[in-house]
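Everything below concerns the one structure shown next.
Heavy-atom basis, side chains included; hydrogens, waters and symmetry copies ignored.
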Amino acid sequence: MAASYKKLFKLLIDRDMKKKELAEKAGISIATITKMGKDGAVVSSNVLVKICSALGCTMDDIVEIIPEKEDN
């Protein structure tokens, strides 16, 4: 399984918030947020908690788990 953070970036667009603003508010680096924009990026649950606290949301609002495709 892989994590997708597309929901996070959509939420930022909906709130008219820049990645830099989120980084400052959550106390994380802009490099971490940039990394989250790449497919297959892995970040710690601590980072996700900081983002959720800064945005007042739950992990379901920012992360989607993508199941791996089975080869048949």
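Applying the side-chain hydrogen bond (donor to acceptor under 3.5 Å, both in side chains) rule to D14 yields the partners K10; only residues at least two apart in sequence or on another chain are considered. A search for side-chain hydrogen bond (donor to acceptor under 3.5 Å, both in side chains) contacts involving T34 returns nothing, not counting sequence neighbours. Partners of S44 by side-chain hydrogen bond (donor to acceptor under 3.5 Å, both in side chains), not counting sequence neighbours: none found. The side-chain contact (heavy atoms from CB on, under 4.5 Å) test applied to I65 returns M1, A3, V63, not counting sequence neighbours. Partners of A41 by side-chain contact (heavy atoms from CB on, under 4.5 Å), not counting sequence neighbours, listed by chain and number: Y5, K35.
Pairing each heavy atom of L55 with each of R15, the nearest pair is O-NH1, 2.6 Å. The heavy-atom pair separating K19 from F9 by the smallest distance is CE-CE2, 3.7 Å.
Cluster membership for I66 and L48, using ILVMFWY side-chain heavy atoms within less than 4.5 angstrom, is not shared. M36 and I30 fall into different hydrophobic clusters, where Ile, Leu, Val, Met, Phe, Trp and Tyr residues are linked whenever their side-chain heavy atoms come under 4.5 Å apart, directly or through other members.
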Just list the side-chain donor-acceptor pairs under 3.5 Å for residues 20-28, sequence neighbours left out, or say none.
residue: E21; atom: OE2; partner: K18; partner atom: N; Å: 3.0
residue: K25; atom: NZ; partner: A54; partner atom: O; Å: 3.3

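Interatomic distance, I51 CD1 to T32 OG1, rounded to the nearest 0.5 Å: 8.0 Å. Taking SG of C52 as the reference point, atom CD1 of I62 lies at 3.5 Å (rounded to 0.5 Å).
Listed by first and then second residue, the side-chain hydrogen bond (donor to acceptor under 3.5 Å, both in side chains) pairs involving residues 50-63 are T58-D61 (not counting sequence neighbours).
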